[in-house]
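Since the structure comes first, as structure tokens, the remarks are kept for the end.
In what follows, every heavy atom counts, from backbone to side chain, and hydrogens, waters and symmetry copies are set aside. All chains are named by letter (A, B, ...) in the order of the sequence lines, taking the proteins before the strands, and each is independently numbered beginning at 1. This one's a predicted model, so the numbers in the text were calculated from it and none came from an experiment.
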Amino acid sequence: MEEYSPQKIDKKWQKYWEENKTFSSRVNTNKPKFYVLDMFPYPSGAGLHVGHPLGYIASDIYARYKRLLGFNVLHPMGYDSFGLPAEQYAIQTGQHPAVTTKTNIEGGVDNEGNKIIGYRKQLDKIGFSFDWDREIRTSDPNYYQWTQWIFKEIFNCWYNNKTQRAEKIEKLVKCFEKEGNTNINAATNYDKVFSSSDWKDFKEEEKQEVLLEYRLVYLSNTWVNWCPELGTVLANDEVKNGVSERGGHPVEQKKMRQWCMRITAYADRLIKDLDNLDWTDAIKDTQKNWIGKSQGASIFFKTNGEKRHTIEVFTTRPDTIFGVSFIVLAPEHELVKKITTKDQEKVIKKYQNSSKLKTERERISNVKITTGAFTGAYAIHPFTNKKIPIWIGDYVLANYGTGAVMSVPCGDQRDWEFAKQFSLDIPNVFKDKDLSKGAFTEKDATIINSKFLDGLSVKEAIKLAILNIEKKGYGKGKTQYKIRDAVFSRQRYWGEPFPVYYKGKTPYILKEENTVKLPEIDKYLPTADGSPPLARAQKDSWGIDYPGDRMEYNTMPGWAGSSWYFLRFMDPNNEKEFVNKEIANYWQNVDLYIGGAEHATGHLLYSRFWTKILYDLNYIPFNEPFQKLINQGMIQGNSRFIYKLKSEVTNHTNPIYFSKSIVEDLEKRKADPIEKFKEKLKKTSLYYVNQKTINLLYESLQSYVSKIHVDINLVSGYELDTQAFKKSRKEFNKSEFVFEDEKFLCPGEIEKMSKSKYNVQTPDALVEKFGADTLRCYEMFLGPLEQHKPWDIQGITGVEGFLKKLWRLFYKDNKLNISNDEPTKQELKSIHKAIKKTQEDLERYSFNTPVSIFMICVNELSTLKCNKKAILSDLCLIISPYAPHICEELWQKLGNKESISFAKFPKHNPKYLVENSHKYPVSFNGKMRFILELSVNSSKEEIEKQVIKNEKTLKYLEGKTPKKVIVVPGKIVNIVV
RNA sequence: GCCCGAGUGGUGGAAUUGGUAGACACGCAAGACUUAAAAUCUUGUGACCAUCUGGUCGUGCGGGUUCAAGUCCCGCCUCGGGUACCA
């Protein structure tokens with residue numbers, strides 16, 4: 001018999017698909033389209049582990065399934081190839097990041113001589129149906145010229161709040177020329193007013209300065225997250241818990257002139273349009289919280305000094321305006337200097353310095369400690385004209401709202417604590433609310449002590465307060481967002497250069513046709529004066545003539561290239577446009593997008609933002625990039641540990657290892673006398689050290705060993721292969737082991753999968769052993785796609801066995817044996833049940849359950865000894881998205897000439913599933929007692945009659961009369977006694 | 001703190017709209033084939049009680065709605081994720 005040999009079949013069909021371009025996709029208006037996309041990977045030197053393909057396998061199954069349903073499927077793959085690791089590696093080794101990147105994708109050898117298999121080869125082995133002719137790399141100039149082009153487009157537009165969309169900057173210029181900026185309602189921080197003649201009198205440089213304030217991408221002196229270790233600024237989503245997401249380095253706040261993208265202009269649309277997306281609530285909520293819309297009012301407080309300054313505060317609770325007893329400014333607030341009185345100057349300076357020294361992390365960890373300082377100045381309450389003290393405190397953030405709050409200690413816990421700390425007034429504006437233990441932060445209260453707001457509910461009071469504030473000109477109703485404009489420049493080399501040059505301080509965009517390629521530089525480090533690496537480039541190495549003093553030295557952030565790559569996949573080789581509009585019109589947005597949830601506030605938000613801009617500018621006909629999103633769970637590693645004796649304990653030369661049970665199972669070890677412990681050491685040189693040391697080890701072994709990761713490939717089951725361990729590295733060569741019952745066991749612990757933890761399971765090894773189909777089915781069989789789960793190959797043999805069994809259906813007595821006979825009723829029922837369930841499950845994106853369905857069907861058909869061509873054909877078809885190699889092979893054995901990809905998914909026929917009878921579970925008071933088989937055509941009454949007269953029923957009734965009999969035809973019978 | 005999500009056998013998990021809890025696998029046990037191993041096949045496998053027929057309990061905990069609850073409602077507990085002086 002021809003054995004099932006996955007290795008052979010895998011290669012054969014992967015080659016066939018590549019040569020025949022089986023999965024190439026073209027615009028075809030006669031066919032409905034379907035766009036399936038994975039979040040493209042960053043090609044790191046570590047290569048793929050089994051967690052990476054999880055999402056790719058699911059999306060590939062869906063793509064193949066949709067193809068069988070007759071859809072024209074777009075299923076591309078590429079690389080997000082700009083990024084930090086390649087640059088760090090370049091700094092260390094001098095290797096150009098482009099070279100590292102290429103090796104990581106295509107395979108080769110790295111600088112230390114390690115073999116790199118390459119992402120592409122690893123992916124190919126799993127048998128994905130990608131259309132590789134569409135491959136893109138964000139670091140390829142042919143790609144990033146269009147990233148630069150999009151930047152130019154964003155630079156050349158502004159956001160019109162009246163029309164709620166981005167518009168060309170030329171239109172704004174025309175308005176300025178005609179009537180100045182008085183009638184313009186734009187998303188901008190620019191607050192000066194000018195007339196048309198003012199505009200005309202502006203010098204060119206001034207005009208550019210003004211326009212820069214209106215553009216959707218602009219240069220601005222803002223507070224940024226500066227990471228000294230990485231030598232660059234970071235966006236908010238790249239900072240987690242006060243440290244950089246990559247590398248975990250401290251991050252501090254710094255005011256720098258940086259490029260910013262005006263994502264705040266789109267805040268409202270980014271929230272509203274979530275409603276139309278098929279995403280989980282979890283990820284929608286994450287984005288909503290990140291954008292952080294809050295409604296309230298901004299209110300002006302005048303100071304009472306000689307110079308009357310105005311402090312603008314933002315509050316969501318204008319109803320508590322009469323509860324204000326002080327004002328707190330952020331320590332960095334620009335008014336602090338101006339209003340601080342002479343006698344308070346020292347205190348304020350000191351406080352400002354101390355808060356400047358705190359890193360973001362310290363600020364967060366010291367949340368509980370209330371600190372602040374009094375400026376000596378007072379503000380005047382707009383409604384009561386009372387004097388209220390002005391303080392500074394670092395619980396007020398400089399970069400949220402206006403950097404100033406009106407403190408209402410009765411209604412805000414932090415204000416309450418601040419008031420307690422510094423013995424400030426706590427006036428109560430809530431009826432019958434106790435403030436002795438904390439502020440009253442709920443909203444179910446009646447307002448008192450508040451003049452015109454007295455007696456109102458919070459909700460009513462908010463409305464009326466805003467009305468009055470606006471009427472008297474003390475402020476206005478306002479919507480505030482937590483999200484800040486996204487910092488768009490990075491002080492790095494390995495990113496997209498800006499198509500920008502400077503004349504003096506004014507930035508200008510290069511002409512349309514110019515692409516700025518990354519120039520060669522001597523070192524990938526910042527210059528001596530702290531300029532980014534690109535400042536090292538010689539003027540002529542930029543390869544273009546620019547009419548200014550210098551080029552922009554910053555590069556774009558990692559999210560630039562990934563914000564629009566799904567568009568380029570539609571039309572990857574277009575040399576004239578970033579994407580042809582007709583083509584974009586055919587493919588539309590991504591129907592199914594699969595990737596990790598960690599991109600919720602980064603990539604996913606930025607892509608939506610750019611898509612909306614390009615939509616506003618009429619380049620694409622849709623305003624959301626990803627219609628349906630699935631976040632696959634993380635596959636965690638199963639780390640193994642051994643315990644190394646610290647060398648300072650004895651002066652032994654060989655490394656000595658203990659297993660977990662000896663070290664950590666203290667009670668068990670102590671149950672044995674010390675002689676027994678010494679016995680265990682017999683095989684090692686430790687046996688010969690002095691008794692005192694052995695006593696020490698016996699008493700407190702734990703403090704003399706260090707727990708180290710051991711490569712999971714050296715462990716089978718729980719047992720460490722000590723011989724292989726010795727051979728695995730030079731320094732392990734002379735290892736000695738303290739055995740426990742002849743074995744060295746290392747039980748696992750669940751951790752993130754990573755190279756440094758030696759717990760990485762590569763797909764390559766598994767494909768080699770079991771074949772791609774087994775790996776594909778098994779990764780799906782592991783559990784729901786969205787769920788996090790530890791990697792464990794225990795169950796893989798079950799899936800392997802299923803595929804072998806499938807293969808055997810085609811053989812009898814060592815020969816291929818397929819019959820053309822009519823299938824039996826039972827056979828038809830089995831396959832049609834499977835067709836129906838598979839389709840239903842895939843339609844609801846349940847990727848794990850179809851594997852069970854296949855197993856059941858194959859088991860049933862095996863029992864029936866079914867070898868009918870009609871049945872086996874349908875079986876191959878439904879399994880083929882999961883196990884394409886074996887199904888192509890068997891499909892061919894069934895006599896088909898074309899790839900199974902071009903076949904049609906079978907339609908289940910309900911007539912084969914019709915049952916004549918139904919097995920009714922009969923329950924008494926909800927407890928199932930026995931099963932009664934009755935005709936499906938039986939009426940309710942008939943069923944009841946049959947059940948009642950059944951002798952088993954009589955038994956369970958124990959002579960009582962049933963109170964009620966519930967019959968659900970086709971389902972159950974329940975008798976209430 | 002706030003916002004999401006999840007808790008089911010020894011293990012991974014199934015149960016789509018309330019209707020036979022534990023599908024399908026792994027593991028384990030017994031058996032067949034084999035000199036042996038691998039492979040394959042058969043049987044059993046939630047817990048407890050019972051010689052069997054069978055019974056009792058059982059989906060994190062406590063209550064409720066219902067003829068019927070893993071599923072719906074209320075109150076908790078634990079774990080995971082996001083976010084965090086956001087005014």
Using the side-chain heavy atoms of [X], tell me which of these nucleotides is nearest: [options].
X: A:Q787; options: B:G13, B:A87, B:A15; value: B:G13
X: A:K805; options: B:C24, B:C4, B:C41; value: B:C41
X: A:K837; options: B:C86, B:C26, B:U16; value: B:U16
X: A:F781; options: B:C24, B:A84, B:C67; value: B:C24
X: A:W290; options: B:U83, B:C24, B:C26; value: B:U83
X: A:I856; options: B:G12, B:U83, B:A23; value: B:A23
X: A:Y395; options: B:C85, B:C4, B:G13; value: B:C85
X: A:K804; options: B:A39, B:C3, B:A87; value: B:A39
X: A:T849; options: B:A15, B:G82, B:A87; value: B:A15

Can you say whether the rings of A:F314 and A:Y400 are parallel (under 30°), tilted (30 to 60°) or perpendicular (over 60°)?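 Perpendicular.
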Can you tell me how the ring of A:Y882 sits relative to the ring of A:F854, calling it parallel under 30°, perpendicular over 60° and tilted otherwise?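 Ring orientation, 0 to 90° scale: perpendicular.
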Describe the nucleic acid contact of [X] in one word from base, sugar-phosphate, nothing, applying a heavy-atom distance below 4.0 Å.
X: A:V968; answer: base
X: A:M928; answer: base
X: A:R484; answer: base
X: A:P790; answer: nothing
X: A:D415; answer: nothing

Ignoring backbone atoms, establish whether [X] has a side-chain N or O less than 4.0 Å from OP1 or OP2 of [N].
X: A:K927; N: B:C57; answer: yes
X: A:N859; N: B:A25; answer: yes
X: A:Y400; N: B:A87; answer: yes
X: A:Q413; N: B:G1; answer: no
X: A:N289; N: B:C2; answer: no
X: A:Y956; N: B:G55; answer: yes

On a whole-Å scale, what distance lies between the [atom1] atoms belonging to [N] and [M]?
N: B:G12; M: B:A23; atom1: C1'; answer: 13 Å
N: B:G18; M: B:A69; atom1: C1'; answer: 6 Å
N: B:G70; M: B:U59; atom1: P; answer: 7 Å
N: B:U20; M: B:C67; atom1: C1'; answer: 16 Å
N: B:G60; M: B:G13; atom1: P; answer: 14 Å
N: B:C61; M: B:A29; atom1: C1'; answer: 34 Å
N: B:G46; M: B:U40; atom1: P; answer: 24 Å
N: B:G64; M: B:G58; atom1: P; answer: 14 Å

Mind calculating the distance between [atom1] ([X]) and [atom2] ([N]) to the nearest angstrom?
X: A:Q632; N: B:G5; atom1: CD; atom2: P; value: 20 Å
X: A:K964; N: B:A68; atom1: NZ; atom2: P; value: 9 Å
X: A:I931; N: B:G54; atom1: CD1; atom2: P; value: 12 Å
X: A:R414; N: B:C2; atom1: CZ; atom2: C1'; value: 12 Å
X: A:R808; N: B:U40; atom1: CZ; atom2: C1'; value: 6 Å
X: A:I853; N: B:U16; atom1: CD1; atom2: C1'; value: 11 Å
X: A:L329; N: B:C85; atom1: CG; atom2: P; value: 19 Å
X: A:D237; N: B:U83; atom1: CG; atom2: P; value: 9 Å

Identify whether the glycosidic angle of B:G9 places it syn (within 90° of 0) or anti.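 Syn, angle within 90° of zero.
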Return yes if a side-chain donor-acceptor contact under 3.5 Å exists between [X] and [Y], otherwise no.
X: A:E800; Y: A:T774; answer: no
X: A:N867; Y: A:Y811; answer: no
X: A:S846; Y: A:T849; answer: yes

Can the ring centres of A:Y845 and A:Y62 be said to be less than 6.0 Å apart?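 Yes, the ring of A:Y845 comes within the 6.0 Å limit of the ring of A:Y62, centre to centre.
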Establish, yes or no, whether a centroid distance under 6.0 Å links the rings of A:F301 and A:Y474.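 Not under 6.0 Å, so no.
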Return whichever of A:K482 or A:T863 has its heavy-atom-nearest nucleotide of RNA chain B closer to the 5' end.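 Comparing both residues, the 5'-ward one is A:T863.
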Judged by each residue's nearest nucleotide on RNA chain B, which is more toward the 5′ side, A:G401 or A:V799?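 Comparing both residues, the 5'-ward one is A:V799.
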I'd like to check A:I886 versus A:Y4 (side-chain heavy atoms, cut-off strictly below 4.5 Å). Are they in contact?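 When only atoms from C-beta onward are counted, A:Y4 and A:I886 do touch, with a gap below 4.5 Å.
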Return the nucleotide paired to [N]: Watson-Crick means purine N1 to pyrimidine N3 with N6-O4 or O6-N4, wobble means G-U with N1-O2 and O6-N3, both under 3.5 Å.
N: B:C79; result: B:G5
N: B:C57; result: B:G46
N: B:C24; result: B:G12
N: B:A37; result: none
N: B:U71; result: none

B:C67 base to A:N974 side chain: any donor-acceptor pair below 3.5 Å?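 By the distance-only test, yes, there is a pair.
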I'd like to know if A:K833 and A:E860 make a salt bridge, using a cut-off of under 4.0 Å between side-chain N and carboxylate O.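 A:E860 and A:K833: salt-bridged.
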